[in-house]
Amino acid sequence: MNPIDEQHIAEPGLVVLDITGGDEDAVRAVMAALEERWATSGIVPVRRDPGEPGVRARIYADVLRPGRGGPEPG
């Protein structure tokens, strides 16, 4: 994955989440749950790293903005 620097998350409430799971279904379920709670970059493609177990995905979220039907942050 690409490195993250301060410019990526310069505003309050913006976070970068690296998700690792045993399989694609598990990682997609986590992304869907986060999307319900916060405004995120959505369900992104997952990737496999050769020689590493499981799959990975990176999403961006604004924890100050609610997602698609999740509770208000706070």
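- Residues meeting the side-chain contact (heavy atoms from CB on, under 4.5 Å) test with Asp23, sequence neighbours left out: Asp25, Ala26.
- Considering all non-hydrogen atoms of both residues, Leu64 and Gly13 come closest at CG-CA, 3.7 Å.
- Considering only residues two or more places apart in sequence or on other chains, Val30 meets the side-chain contact (heavy atoms from CB on, under 4.5 Å) condition with Ile19, Leu34.
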- Going through the checks in order, is the side chain to side chain contact (heavy atoms under 4.5 Å, CB included) test met by Val16 and Arg58? CA-CA 7 Å; Val16 179; Arg58 174 175 283 172; 3.7 Å; yes
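- The shortest heavy-atom contact between Leu17 and Trp38 is CD1-CZ3, 4.4 Å.
- Between atom CE of residue Met31 and atom OG1 of residue Thr40 there is a gap of 9.0 Å, rounded to the nearest 0.5 Å.
- Put simply, the side chain of Ile43 reaches to within 4.5 Å of the side chain of Arg28, judged on heavy atoms.
- When all heavy atoms of Ala57 and Pro45 are compared, the pair lying nearest together is CB-O, 4.2 Å.
- Of all non-hydrogen atoms in Val55 and Glu24, the two that sit nearest each other are CG2-N, 3.8 Å.
- The side-chain contact (heavy atoms from CB on, under 4.5 Å) search around Thr20 returns Arg56, not counting sequence neighbours.
- The shortest heavy-atom contact between Val27 and Gly21 is CG2-N, 3.5 Å.
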